[in-house]
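Scroll down for the structure; my scribbles are underneath it.
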Amino acid sequence: MRDRPIHLNALEKHLRADPVVGLLGARQVGKTTLARELAKRRRGAVHFFDLESSADLARLTADPLLALSPLRGLVVLDEIQRLPEVFPTLRVLADRPRSPARFLVLGSASPELLRQSSETLAGRISYHSLPGFTLPEIPANEADRLWLRGGFPRAFTARSHADSLRWRNNFIRSFLERDLGQLGIPFPSGTMDRFWAMLAHGHGQLWNGSELGRAFGVSHHAARRYLEALESTFMVRCLKPWHANLRKRQVKSPKIYFRDTGLLHCFLGVSTREELERHPKVGASWEGFIIENLIQILGAEERQCYFWATHTGAEIDLVVQQRGRLRGFEIKRTAAPKFTRSMRSALDDLQLSRIDVIHAGEESFPLARRVQAVSADRMLEEIQV
């Protein structure tokens with residue numbers, strides 16, 4: 001397992017500030033491994049409870065206060081969504097004088113987990129989202145492999161593309177047949193499989209629940225519930241539209257992206273880089289890959305990330321609101337990006353501090369005032385936070 005110092009340091013910062021920290025992320029993304037690496041770095045006692053273990057689950061189910069109150073140091077509760085009734089106990093323990101223990105709860109971001117923790121532990125809990133591997137965590141020469149295979153650790157580090165594809169297909173099957181049910185999402189696996197596959201062909205496009213519902217044979221309300229299930233489990237990102245006070249008609253629907261391009265390529269039937277380059281969704285796949293990595297490089301939270309588009313065609317792929325200013329990002333899979341009327345419109349209408357045009361070429365260069373073309377290979381060095 002590769003070291004993940006960015007996320008280790010973030011967890012330590014959260015634990016110094018709050019008595020309870022939620023580490024959230026998709027299944028198999030490395031939450032447990034990260035928690036164990038964190039435990040090795042701490043000097044005090046560490047206690048692990050794996051709630052997929054019948055023994056640990058029984059200990060906490062019988063009397064969680066009795067089991068947890070004597071513990072000191074770091075207490076890790078893995079797969080916390082299997083026992084949401086423990087949250088009131090965590091509130092009691094978090095309010096003790098001098099906080100003799102810190103609690104790290106690991107979960108796969110089920111709706112029940114988020115609802116219970118936000119209501120019961122308000123003001124006592126902070127969250128850190130763990131993605132798969134991203135560009136800041138890998139050598140520069142492995143970027144193409146990350147794009148093709150995605151960031152799930154076992155998919156990315158597999159010995160071959162075939163082994164990686166096999167793991168991803170098994171992950172999808174296990175997620176649909178087992179994990180959704182354990183997370184309290186009661187949709188039939190076959191139905192979700194078809195919906196997820198159809199969503200892959202809309203990757204990078206505006207959400208149209210009515211159209212997808214008709215194609216799928218369900219109402220737009222049902223389609224929205226399926227989408228929310230995938231969003232709440234970190235499978236897809238719904239990028240919200242930014243609204244400015246303009247006379248122009250602006251797009252109000254979100255854009256839908258697979259968070260992990262490796263899973264996207266499974267549904268598209270893509271297994272090699274050559275197949276990916278010939279696929280009609282190659283541009284959309286690369287756009288989603290760059291957006292996910294930009295968000296990680298910037299350290300942006302989900303509530304800070306948007307896109308912007310008008311009905312007359314002006315648009316910006318990613319708008320990030322940080323430190324009281326707006327930044328724009330355009331993603332162009334070309335070696336020779338150009339300054340466009342759409343960019344000029346976004347600069348003027350949104351009062352963007354700058355626009356970075358991320359492109360597939362090797363060189364970075366200015367395109368206009370406050371507009372810079374940035375090579376994707378140089379994002380880590382040239383995208384300033």
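For the single chain, residues carry numbers from 1 onward in sequence order. Computed from a prediction, not measured in an experiment: that's the story for all the values here.
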Which atom of E275 lies closest to which atom of S271, heavy atoms considered: OE1-N, 2.8 Å
Salt-bridge present (R145, E142; N to O < 4.0 Å): yes
Whether over 12 other heavy atoms sit under 6.0 Å from R154 CZ: no
Any donor-acceptor N/O pair, S364 side chain to S375 backbone, under 3.5 Å: yes
Distance in Å, H265 NE2 paired with L165 CG, rounded so as to fall on 0.5 Å steps: 11.5 Å
Distance-only donor-acceptor check, side chains S126 and H14, under 3.5 Å: yes
Residues clustered with W242, ILVMFWY side-chain links under 4.5 angstrom: L246, Y306, W308, I316, V319, L326, F339, M343, L347, L350, L352, I355, V357, F365, L367, V371
Point-to-point distance, once rounded to the nearest 0.5 Å, from CE of M379 to CG of N293: 5.5 Å
Shortest non-hydrogen separation from E382 to R354 and the atoms involved: O-NH2, 4.3 Å
Closest non-hydrogen atom pair between H7 and P131, with its separation: CE1-CD, 3.4 Å
S342 and T340: side chain donor to acceptor below 3.5 Å: no
D18 (side chain) donor-acceptor with V20 (main chain) under 3.5 angstrom: no
Pairwise side-chain contact, S108 with D179, heavy-atom cut-off 4.5 Å (strictly under): no
I290 with L380, same ILVMFWY side-chain cluster at under 4.5 Å: yes
R16 and R102, any side-chain heavy atoms less than 4.5 Å apart: no
Verdict with supporting geometry, T32 and E52, side-chain contact (heavy atoms from CB on, under 4.5 Å): CA-CA 12 Å; T32 303; E52 289 195 330; over 6 Å; no
R96 vs R98, side-chain contact (heavy atoms from CB on, under 4.5 Å): CA-CA, chis, key distance, verdict: CA-CA 6 Å; R96 290 179 297 178; R98 299 183 181 178; over 6 Å; no
Check: P88 main-chain N/O paired with T120 side-chain donor or acceptor under 3.5 Å: no
Short side-chain to backbone donor-acceptor contact, K31 and L23, under 3.5 Å: no
Spatial distance of atom CD1 (I172) from atom SG (C266) [nearest 0.5 Å]: 4.5 Å
Side-chain heavy atoms of I331 within contact of F289, under 4.5 Å: no
Validation row: L68, L90 side chains within 4.5 angstrom (heavy atoms): yes
Only pairs under 3.5 Å count here: list side-chain donor-acceptor contacts from residues 189-205, not counting sequence neighbours, and write none if there are none.
residue	atom	partner	partner atom	Å
R194	NH1	G190	O	3.4
H203	ND1	F258	N	2.9
H203	NE2	A284	O	3.0

Exam field: side chain E137 to backbone T134, donor-acceptor pair closer than 3.5 Å: yes
Electrostatic pair E228-R225, nearest N-O below 4.0 angstrom: no
Between N170 and R173, a side-chain donor and acceptor under 3.5 Å: yes
Minimal non-hydrogen separation, G22 against I125, with atom names: N-CG1, 4.1 Å
From L74, D78, I80, L77, residue fulfilling side-chain contact (heavy atoms from CB on, under 4.5 Å) relative to L104: L74
Donor-acceptor side-chain pairing of W286 and T261 below 3.5 angstrom: no
Side chain to side chain, E37 and R4, heavy atoms closer than 4.5 Å: no
Q182 side-chain N/O to R178 backbone N/O, donor-acceptor pair under 3.5 Å: no
Side chains of L15 and R42 in contact at under 4.5 Å (non-hydrogen atoms): yes
Ring-face cation contact, F171 with R27, 6.0 Å cut, 45° max: no
Working for side-chain contact (heavy atoms from CB on, under 4.5 Å), residues F307 and L206: CA-CA 11 Å; F307 78 99; L206 294 175; 3.5 Å; yes
Passing option when D349 is tested against R344, K248, R247 for salt bridge (charged side-chain N to carboxylate O under 4.0 Å, His left out): K248
Test: E302 and R259 ion pair at under 4.0 Å: yes
Spacing of I358 atom CD1 and F329 atom CZ [to the nearest 0.5 Å]: 6.5 Å
Flag side-chain contact, heavy atom, 4.5 Å: C238 against W207: no
Contact summary for F187 and A229, nearest pair of heavy atoms: CE1-CB, 3.9 Å
NE2/H311: more than 12 non-hydrogen atoms of other groups inside 6.0 Å: yes
Exam field: side chain D260 to backbone G262, donor-acceptor pair closer than 3.5 Å: yes
Under 3.5 Å donor-acceptor, D56 side chain and D50 backbone: yes
Hydrophobic cluster identity match, F87 and L65, side-chain contacts under 4.5 Å: yes
Rounded distance (nearest 0.5 Å) linking atom CD of Q322 with atom CD of Q304: 5.0 Å
Residues N9 and R41: side-chain donor-acceptor under 3.5 angstrom: yes
R36 side chain vs T33 backbone, donor-acceptor pair below 3.5 Å: no
Electrostatic pair R378-E363, nearest N-O below 4.0 angstrom: yes
Check: L135 and Q296 side chains under 4.5 Å, non-hydrogen atoms: no
Contact summary for A155 and R149, nearest pair of heavy atoms: O-CD, 3.3 Å
CD (E277) with more than 12 external heavy atoms under 6.0 Å: yes
Main-chain N/O of P337 paired to T334 side chain as donor or acceptor, under 3.5 Å: no
Chi angles and distances behind the side-chain contact (heavy atoms from CB on, under 4.5 Å) call for K281, V270: CA-CA 10 Å; K281 296 294 289 186; V270 170; over 6 Å; no
Separation of L24 CG from T233 OG1 (nearest 0.5 Å): 12.0 Å
Short side-chain donor-acceptor distance under 3.5 Å, S164 and R168: yes
